[in-house]
Amino acid sequence: MTELGAEEGDRYAVIGHPVAHSLSPLIHEAFARQTDQHIRYERIEAPLNGFVRTVEAFFGAGGRGCNVTVPFKGDASRFVAHLDPEAAFADAVNTILVGPAGGFAGYNTDGPGLVADLRRLLDGPRELSVLLLGAGGAARGVARPLLRALAGRLTIANRTPERADALARRLADAGEPNARAVSFAELSGPFDLVINATSAGLGDRVPAVSASVLEGAFAYDLMYGRETSFCRWALASGARRAEDGLGMLVCQAALAFELWRGVRPETEPVRQALRARLDAGGT
Ligand code: NAP
């Protein structure tokens, strides 16, 4: 990799596998135009066993910061020297920068990004009854911010129930007593908000829970796209509204951009532009 001159803009990237369809370059380039920042943002596909050498090469060649996506968020949390509290809780890092005292610092902006998008969609802060489906990296990242900002009660259900139990215990140990784990079979509503943090939609599937848990609920899918399988199923099952995770994606990116550049971009124009692009069939 070649050292980049300042005239080419500070260099940022998203590292993942696969990464070809990541919208992050479009989002960060739009933020940079909006805030008059001079940056360059690229996608880097790391080999599955090669996250550390890829991220070291990126920073060694002058990279200023990177996002980390599937499947490397756990590797990234072990790679950095300093973890913010959300990243430490989730064991997952989605944003890396060189800290003020040197050494790599890792952050997890997924949870605050989801909360910011839910605040856009829901009327003001409320003590909501929330069902979180999934207990993987994304669920671990969003569970505590949800409890702190919006959820009076959080029910966690996962295909592998032991992982939901472990997340609820971990929340209790971290001073959040209002989370409980329930198996898919025992789940019953009603819930104000049902969040799909599973990756079932990658195979065009939905979690195997009773459709009745969606009745009257606001459904939110962390996946995004023209129409996700979860959003389609939620509306057919009586959800009052269903939203995909595009807004979360843009909001978590804005928080990363602010960590890197010290300026918070406007998310809404970027979200709307991407929505129009996805609805028109673009990727
Ligand atoms: P992960 O760590 O691999 O976890 C996957 C989760 O999905 C696990 O809880 C797994 O359950 C569950 N799962 C997989 N297939 C399932 C199926 N057929 N039925 C029911 N549950 C199933 O993945 P992740 O990082 O948490 O990501 C989850 C989703 O969130 C992905 O689609 C990702 O794209 C999305 N995401 C979106 C944003 C955003 O900004 N919008 C940010 C982060 C993540 P088991 O434990 O039983 O395997």
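Order of listing sets the numbers, starting from 1, for every ligand and every atom in it.
- For the atom pair R33 CZ and H38 NE2, the distance stands at 13.5 Å (nearest 0.5 Å).
- Below 3.5 Å of separation, one finds an N or O of A138 facing an N or O of ligand 1.
- Salt bridge D244/R275: present, at least one basic N to carboxylate O contact under 4.0 Å.
- Side-chain contact, Y220 with D117: a donor N or O sits under 3.5 Å from an acceptor N or O.
- Using a cut-off of 4.0 Å between Lys/Arg side-chain N and Asp/Glu carboxylate O, R240 and E215 are scored as not salt-bridged.
- Annotation: T160 places an N or O atom under 3.5 Å from an N or O atom of ligand 1; distance criterion only.
- Residue, atom and distance of the protein heavy atom nearest to atom 4 (O) of ligand 1 are G136 CA, 3.5 Å.
- Applying the salt bridge (charged side-chain N to carboxylate O under 4.0 Å, His left out) test to every pair with at least one member in residues 60-72, sequence neighbours left out, gives these pairs: D10-R64.
- Closest to atom 17 (C) of ligand 1, if we only count protein heavy atoms, is R159 NH1, 3.3 Å.
- The shell of residues lying under 4.0 angstrom from ligand 1, judged by heavy atoms, includes A135.
- In this structure, atom 28 (C) of ligand 1 lies nearest to the protein heavy atom A197 O, 3.5 Å.
- Atom numbering of ligand 1 starts at 1 in the shown order; those under 4.0 Å from a heavy atom of G134 are 9 (O).
- Shown here, atom 39 (C) of ligand 1 is in close reach of the protein: a heavy atom of it lies under 4.0 Å off.
- Proximity to G137 (heavy-atom distance under 4.0 Å) selects the following atoms of ligand 1: 2 (O), 26 (O).
- Figure legend: cation-pi geometry between R170 and F89, with NZ or CZ positioned under 6.0 Å from the six-membered ring centre and within 45° of its axis.
- By the 4.0 Å heavy-atom criterion, R140 is excluded from the residues contacting ligand 1.
- Annotation: G245 places an N or O atom under 3.5 Å from an N or O atom of ligand 1; distance criterion only.
- Atom 29 (C) of ligand 1 has T198 O, 3.5 Å as its closest protein atom, hydrogens excluded (heavy atom only).
- H28 and F257 have parallel rings, their planes meeting at less than 30° on a 0 to 90° scale where 60° marks the start of perpendicular.
- Nearest-heavy-atom check against atom 43 (C) of ligand 1 across R205, Q252, K73 picks out K73.
- With Q252 as the fixed residue, the side chain to side chain donor-acceptor pair (under 3.5 Å) test singles out one of T95, N94, N108: N94.
- Looking only at heavy atoms of the protein, atom 42 (C) of ligand 1 is closest to M248 CE, 3.6 Å.
- If you check each of L222, D110, T109, V142 against atom 30 (O) of ligand 1, the one with the closest non-hydrogen atom is L222.
- At a heavy-atom distance under 4.0 Å, no atom of A208 approaches ligand 1.
- Taking the charged nitrogens against the carboxylate oxygens, E243 and R241 do have a contact shorter than 4.0 Å, which makes a salt bridge.
- A salt bridge is defined here as a Lys NZ or Arg NE, NH1 or NH2 lying under 4.0 Å from an Asp or Glu carboxylate O, and R271 with E268 meets this definition.
- When every heavy atom of Y41 is checked against every heavy atom of N67, the shortest pair comes out as OH-OD1, 2.6 Å.
- At the top of the distance list for atom 19 (N) of ligand 1, counting protein heavy atoms only, stands A200 CB, 3.8 Å.
- Looking at Y224 next to ligand 1, no N or O pair under 3.5 Å apart turns up.
- Annotation: atom 5 (C) of ligand 1 to nearest protein heavy atom, S199 OG, 3.4 Å.
- Contact atoms of ligand 1 toward R163: 8 (C), 45 (P), 46 (O), 48 (O) (distance under 4.0 Å to a heavy atom of the residue).
- Between K73 and D110, at least one side-chain nitrogen of the basic residue sits less than 4.0 Å from a carboxylate oxygen of the acidic one, meeting the salt-bridge criterion.
- Selection from N158, V209, I195, T69 by nearest heavy atom to atom 9 (O) of ligand 1 gives N158.
- With E127 contributing its side chain and A151 its backbone, the two residues share no donor-acceptor pair below 3.5 Å.
- Regarding atom 33 (C) of ligand 1, its nearest protein heavy-atom neighbour is M223 CG, 4.8 Å.
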